[in-house]
Amino acid sequence: MISQFFILSSKGDLLIYKDFRGDSGGRDVAELFYRKLTGLPDESPVVMHHDDRHFIHIRHSGLYLVATTSENISPFSLLELLSRLATLLGDYCGSLGEATISRNVALVYELLDEVLDYGYVQTTSTEVLRNFIQTEAVVSKPFSLFDLSSVGLFGAETQQSKVAPSSAASRPVLSSRSDQSQKNEVFLDVVERLSVLIASNGSLLKVDVQGEIRLKSFLPSGSEMRIGLTEEFCVGKSELRGYGPGIRVDEVSFHSSVYLDEFESHRILRLQPPQGELTVMRYQLSDDLPSPLPFRLFPSVQWDRGSGRLQVYLKLRCDLPPKSQALNVRLHLPLPRGVVSLSQELSSPEQKAELGEGALRWDLPRVQGGSQLSGLFQMDVPGLPGPPGQGPSASAPLGLGPASLSFELPRHTCSGLQVRFLRLAFRPCGNANPHKWVRHLSHSDAYVIRI
Amino acid sequence: MPYLGSEDVVKELKKALCNPHIQADRLRYRSVIQRVIRMSKLDQWGQAEVLNFLLRYQPRSEEELFDILNLLDSFLKSSSPGVVMGATKLFLILAKKFPHVQTDVLMQVKGPLLAACSSESRELCFAALCHVRQILHSLPGHFSSHYKKFFCSYSEPHYIKLQKVEVLCELVNDENVQQVLEELRGYCTDVSADFAQAAILAIGGIARTYTDQCMQILTELLGLRQEHITTVVVQTFRDLAWLCPQCTEAVCQALPGCEENIQDSEGKQALIWLLGVHGKRIPNAPYVLEDFIENVKSETFPAVKMELLTAVLRLFFSRPAECQDMLGRLLHYCIEEEKDMAVRDRGLFYYRLLLAGISEAKQILCSPKSDPSLRLLEDQAERPVNSWALDFNTLVPVYGKARWATLSKCQGVEHHGPELPNTAAFPTSGPLIPEENKERVQELPDSGALMLIPNHQLTAECFEKTWLSLKVAHQQVFPWQGAVHPDTLQMALQVVNIQTIAMSRAGTQPWKAYLSAQDDTGCLFLTELLLEPANLQMQISVKQSEARTETLKSFISVLETVIGTIGDIKS
């Protein structure tokens, strides 16, 4: 199957190289790949071909994980393998990054040895691998509960305002056995990605929510846990539960190790997770959000073609419930070519706007639900082509692109799905009660508003 | 090796799936297959491998087929995309005689594919989009209701956006055409020129069925006077004017004014072609062409000049008074001053054509064209699922069929005959060995008589490759006098079914010829004839693809007879 596997940093340095079959090239193939990759005009296609070999790669955390093969194999399997390897390496080394990989080279090679044999996948289950991996992970600094550095929890990166073991992400899951008596914790994240497309007349063209329930467990494997979801949670358009509209998703899929016997009746998922990360459930919802969209933008554009003056007034309205807020809101508005200067008036001092790379970036660190924020931006754009006409016009000049918003909504799910409880089976030889952290989070995937 | 379970199961599996003798024992084979399918506790990699193995199995009866499909049904709902796609491919191949089962399976896989298309992993997204396109070739309406999922988002990488635009172009139907066109219209003004051009071409593709709306959009785009947009729009117009005669009117109305905005070769060619063919309906056509003629000296692209010649000539036939003068000037320039030979040749050709008579020339250049709509129907014929079922879930859709064909040619993959023992413990999805090849592998008794098959054709590359890989089986020297007459020799060899791959011209020194022949058992005979200068001998070297002395001797004798006869005739 796979002939070689290597990991490159974003600058092309070879961090890890492993040849499984010895039938193609040597280490220089990695350099070849990097040159080909950077030689392409735009971002690279996933599969490239050179000299009888296919190169397939993924980008993860700034690293390139590349596999070569000379056979015509399934791209889905191979991409899945590369993603799984990325997760596995992250689990073992704490996080996936250039620094952690360079520190843990021996561990990585040992892992690769166990996972792949002569290019065929043996197993990627952390359970089975635990018995074979002897090397310890090297962490940059010892774990401390009082470390409030802003390394985000796995998955989305956020600023947590409450005290939380936020450096849990950088702690390797499967560390030495002596550590087992320490923190027994389990983190459950309900993460939703919101994709929205709004047309220039304000109508909603597309809304899509992709949600995942992710579990990161430091508990010893085999401990059973039950996750209870909202009871009125319906799947598909025709199902009805409880009274009222309920919480609906279009499609759901579960990890293969989840027992669904109580799902039908009480919406409870039962599983015995291994240590490490696991995606328990995935769901999708399109076109029918129960709550209003979090942001609406009301732009108005004044463009004086003669003097080349462009004035853009943006009013951003947040439609979240008053108690919620959105964090790290950033609006990115591409501007026409040749924008010379920018003057701005923003409605609140903590906002910032600047011009960079042909686009306007407006940063709002915190937006309270129900509030309205506005910004007036004036620019000089000499010599801009566009539809013929004299005098000022209200139509947008060419190149004033769609505005895209990126934001995080802590403690909020767009679909309304909530985790009611997370119960662990009673452990007779119990240590201190394991800590359970449940978090709901939505963030924008591609929130685009056309001007 | 993949972890498939206990040792003995794996052993059985290996034996059954790779050994042709076991394959022949269908009962044992079947029981192994059943055990394999019922294996539980396989992780997703094991499942994917099992599905891959099963591709080589051909169920004996319809019952057995549906039995297997029922057992494997749960794999279609797995959470691992590799397993789902592997299962889909297996179903599509096993059920190749049951198109309704195939359609059913493709319905079931719609959900997982769409989920993969919106996955966080861009690479998975890309692979899924390529497969969606593959499916759309056979079932164009399959994803029409989910067109919104294929709208491009601003932050997506370029390669994904291009795929999505192609998909949008192919899933258009009456219900979604309005929204899809609006969306594509938005993309046409994108900052990235490549993407905008791809969107415009997609609109052009849709225009073949929904002409009016698309023409409106394209005409509006011309109004923006952007160079990269205008050139692609004009190229689209050219294609449409050819394929959809009904929009010629709209095209002709939209054209005036474009010439100011086009600078690149492709755009100019398209514009000039349109002016030439439909110049009658465009009032200022001669003046635009005249502009081009004025600047022809500074024109860098020969293709544009060639197009210009043809177009002006065509326009001359429909508007002679206006064009006569400039045609003369253009021809004069092309014949007297032009350095590019192709352009000059065409200018000369047209000039002589005109000398032969204006009406004759008109008949040649402006005769009725073939009906373009016929070709259009052929292009759009839906390909049956079976034509691409084998390529599903492999790298072929990801590269695209055209690129894959180039890649396989470069690799020079030629598997002559099956190599049974080497097809490995863990074969990839190669096709099941057909019955005919199996027979060839067995040793046939050597027959004394040699039967060379007629109409044997061997390509030059194949000959070279085989020649270099074999050792000389026989070498001998034949008395010869004087030079060789290649034609006579070639004909004589043809009579005895020996093909001439290459032969030097008469009189070259040294004189060489390469011949090939194949007998009815498939054994190849490759021969080199060498005549050294000042030598009274011709050297014959024969290489045989299978070592059989009897047949070799027969072949040598045949060759000797022919060469001897030619030598005798000559002398």
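Model, not experiment: these values are computed from the prediction. A note on names: the letters A, B, ... follow the listed sequences, proteins ahead of strands, and every chain is numbered from 1.
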Sorted by chain and residue number, the salt bridge (Lys or Arg N to Asp or Glu O under 4.0 Å) partners of A:Arg59 (sequence neighbours excluded) come out as none

Separation between CG (B:Leu114) and CG (A:Asp208), nearest 0.5 Å, reads 10.0 Å

Interface check, chain A: of B:Asn393, B:Thr189, B:Val83, most non-hydrogen pairs under 4.5 Å belong to B:Asn393

TODO: Give me the ring orientation class for A:His54 and B:Tyr399: parallel if the planes are under 30° apart, tilted from 30 to 60°, perpendicular past 60°.
DONE: tilted

Of B:Ser78, B:Ala115, B:Ala116, the largest count of non-hydrogen pairs under 4.5 angstrom with chain A goes to B:Ala115

Pair count under 4.5 Å, heavy atoms only, with chain A: among B:Ser118, B:Pro112, B:Pro397, highest is B:Ser118

Turns out that what part of B:Glu120 lies under 4.5 Å from chain A's heavy atoms comes down to both

Bottom line for A:His332: the part with an atom under 4.5 Å from chain B's heavy atoms is side chain

One option among B:Ser80, B:Gly111, B:Gly186 has the most heavy-atom pairs under 4.5 Å with chain A, and it is B:Ser80

Cut-off 4.5 Å, heavy atoms of chain A, and the answer for B:Phe126 is side chain

Most contact-rich option vs chain B, by heavy-atom pairs under 4.5 angstrom, among A:Arg282, A:Arg450, A:Glu251, is A:Arg450

Please assess A:Ile56 against B:Val398 for the test side-chain contact (heavy atoms from CB on, under 4.5 Å), listing each intermediate value before the final yes or no.
CA-CA 11 Å; A:Ile56 302 173; B:Val398 181; over 6 Å; no

Under a 4.5 Å heavy-atom criterion, the part of residues 74-83 of chain A in contact with chain B comprises A:Ser74, A:Pro75, A:Phe76, A:Ser77, A:Leu79, A:Glu80, A:Leu81

Of the listed A:Thr279, A:Val47, A:Val448, the one with the largest count of heavy-atom pairs under 4.5 Å with chain B is A:Val47

The interface call for B:Ser119 against chain A, heavy-atom contacts under 4.5 Å, is backbone

Whatever's closer than 4.5 Å to a heavy atom in chain B on A:Phe254 counts as backbone

In this structure, CD of B:Gln44 is separated from OG1 of A:Thr124 (nearest 0.5 Å) by 5.0 Å

The reported gap from NE2 in B:His146 to OG in A:Ser286 (rounded to nearest 0.5 angstrom) is 9.0 Å

Turns out that what part of B:Ala127 lies under 4.5 Å from chain A's heavy atoms comes down to both

Comparing B:Ser121, B:Ala128, B:Gly86 against chain A, the one with the most heavy-atom pairs below 4.5 Å turns out to be B:Ala128

Residue set satisfying ring-ring contact (aromatic ring centres under 6.0 Å, His included) with A:Phe20, at least two apart, ordered chain then number -> none

Whatever's closer than 4.5 Å to a heavy atom in chain A on B:Val396 counts as both

Cut-off 4.5 Å, heavy atoms of chain B, and the answer for A:Ile58 is both

Expected contact set for residues 199-206 of chain A against chain B at heavy-atom separation under 4.5 Å reads A:Leu205, A:Lys206

